[in-house]
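Structure record follows, encoded as structure tokens.
Please read all numbers here as calculations on a predicted model, not as lab measurements. No hydrogens, no waters, no symmetry mates; every other heavy atom, side chains included, goes into these values.
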Amino acid sequence: MADPDLAEVATRIRRRVLDMCAGRGQGYAGQGLALADVLAHLYFRVMRRRPDGSYLDRFVLSTGHSAIGLFATLGEAGLYQQEELHTYGQAGSRIEESPLEGTPGFEITAGSLGQGLSQAVGMALGERLRGSGARVYCLLSDGELQEGQVWEAAMSASHHRLGNLTALIDNNNMQADGVTAEIMSVEPVVERFTAFGFETQRIDGHDHDALRRALPSAALPSAALPPEPAQDRPPEPAQDRPRAIVLQTVPGRGVPEFERHHKVHYLRLEQSAWAEAIAALG
Amino acid sequence: MTAQETAALRPEVRDVTAAPLVSAPFATAMVEIGHERADVVVVSADLSKYTDVAPFARAFPDRFFQVGMAEQNMMGIAGGLAKTGFTPVAVTYAVFATRRAGEQVQMALATGSRTAVVAAFLPGLTTPFRATHQATDDLAIMRAVPGMTVIDPMDATELAGAIRAAVSAGGPVYLRAQRGDVPELIVPPADFEIGRCVLLRDGGDAGLIGTGLGSQWALEAAELLAGRGIQAAVLHVPTLKPLDAEAIAGFAARFPAVTTVENHSVIGALGSAVCEAVAGTGLPCRVIRRGVPDRWAPAGPLDYLRRSLGLDAGSLAETVTESTGGR
């Protein structure tokens, strides 16, 4: 089966993100727009579904504030209706800005940053013990790497030889107080994860070809993947080493105005500005 | 006997001064549970030998996960294991579980509905070190966590029963545990029921309420008082949450004053819970709280610490005697 046009899927996810923010005029739009591409690949190509439609592979969102991107992706996958997603952040809505475990599609409670990779390690150990063959993908942000627990988790992932675990680092160079590189640099992030025993690579988080190469579908043997230039091919991951993919992302990606002027942790805008942003997506 | 009093269990209890010691009851129970339940796994942060889980690790190496000296990561891993269908028992010292990894216990283990057990060793004053190792605040912290079951067993029988109950609790459990040789006061077999109080000893002159080791200390005081002609009843509250407030209020209704005894700060655990249970009932019952005062305790062996803090049998008996009007 041919993959859906993932660039188009990502655009639809972005449209949902902006519509969600428009409901209350505010939200974590920058993160949602930045993650649309990788989430499109994970949920519409990489993660395997059982015959009943449920996902065999697991996605752990460690960066709770980026829930907007996951909600929008789950909406695109049919788990949420857009009318409900439009209530994002409103009193009484289950479409919370940072939801708890148990909200459909959310595996863990993640709003307190730095805790997701540990739970992903636990899931990877559990799935291996069960012999399910499931893979675990965990999305973290660069600012989150400042939390020490992330490195405890990284150490344990390689120690326990978790070849079924992939850490995805949203390297957007943005955190609450400003630019990550100025607040507390997390670089050289590739070398750091490599030193902790991960097969690590850095890619453009908006390059669909790069995402396709870095995140091969588990359902397809590598021979079935499209041919690639040899120099771009990532090293074959060892079976017993966890992987880390550093995604260079741009907050607000897809809306030129946001990319230029709104690289901020949280966005509040007039209604007209949200409408203009949606129009700018094309 | 009132309806409330019948709510308390009445197991056979040995003389507190002549209780036999049982070697590593937690270890024995965990190996038994491991044979019965393939879903039960243990996560340890470098203290396996000191938290009585080494026998489980040897018996079930596939279901034992060593994470090194990293308690926050351990609680997260336990949460991940719970979400893949396993029942994790995370073992460490009580101070590390509730202070260093307190947030991870709450977020990874307690915001969902899956069963996960934190087995917390070195409860209260049972360590020669001071503030770094004395867990005198753990019960208060865990009691405030929504949905958390909090258990402080009194002896070997209860500890073995409590870990069995915990792995079937249907939610998160914080279980204080003792290692090595543990006195066996309650004659086995005795079922442990989460949420049930235990009437260890009856008497009409004074009331003591204990939890954990504090219940042993209350029994010692009751024995001394009996020698002086004061018959004291001892109600044991192993489950601090959910609290059997009815049984506690029913017990308090029998006395003008009750004395609470706990291996913990007087703030936030048993003493506070009894005050909460009694307040609002209209009972004319004073609550005298005995435990670690609001300061860092000194270092030393347990009997020295108890004397220093007024928790030895003689001091407790004195307190109870005063509460009865000096009879």
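Heavy-atom neighbours of B/R143 CZ from other residues, nucleotides or ligands within 6.0 Å: above the threshold of 12. The environment of CZ in A/R161 is sparse: at most 12 heavy-atom neighbours from other residues, nucleotides or ligands sit within 6.0 Å. Taking a 6.0 Å sphere around OH of B/Y50, one finds it holds 12 or fewer heavy atoms contributed by other residues, nucleotides or ligands. Residue-environment remark: CG (B/D39) exceeds the threshold of 12 foreign heavy atoms within 6.0 Å. Shown here is B/E36, whose CD atom has more than 12 heavy atoms of other residues, nucleotides or ligands within 6.0 Å.
With a 4.5 angstrom heavy-atom cutoff, A/Q149 touches chain B via backbone and side-chain atoms both. There is no contact between B/R100 and chain A, counting heavy-atom distances below 4.5 Å. In this structure, chain B has no heavy atom under 4.5 Å from any part of A/R128.
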Quick one: do A/S118 and B/Q104 satisfy side-chain hydrogen bond (donor to acceptor under 3.5 Å, both in side chains)? Show the steps, please. CA-CA 10 Å; A/S118 294; B/Q104 285 73 14; over 6 Å; no
Show, in sequence, the C-alpha distance, side-chain angles and deciding distance for B/Q106 and A/T109, and conclude whether the side-chain contact (heavy atoms from CB on, under 4.5 Å) test is met. CA-CA 10 Å; B/Q106 300 197 29; A/T109 298; over 6 Å; no
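Under the 3.5 Å distance criterion, the side-chain polar atoms of A/H160 are left unmatched by any main-chain donor or acceptor of B/V67. The closest donor-acceptor contact from the side chain of A/E152 to the backbone of B/N73 lies under 3.5 Å.
Inter-residue side-chain proximity for B/F65 and A/V121 is flagged as unmet; no heavy-atom pair is nearer than 4.5 Å. Using a 4.5 Å heavy-atom cutoff, the side chains of A/L129 and B/V41 are in contact. Residues B/M107 and A/E101 are not in side-chain contact: their nearest non-hydrogen atoms beyond the backbone lie 4.5 Å or more apart.
Most heavy-atom pairs under 4.5 Å with chain A: of the set B/G68, B/A108, B/G85, B/G79, this distinction falls to B/A108. Between chain B and the options A/A134, A/G126, A/S132, heavy-atom pairs under 4.5 Å are most frequent for A/G126. Between chain A and the residues B/R63, B/M69, B/Q66, the largest count of heavy-atom pairs under 4.5 Å involves B/Q66.
Electrostatic pairing of B/K83 and A/E127 does not count as a salt bridge here, judged by no charged N lying under 4.0 Å from a carboxylate O.
Rounding to the nearest 0.5 angstrom, the gap separating the OG1 atom in B/T84 from the CD atom in A/Q119 is 10.5 Å.
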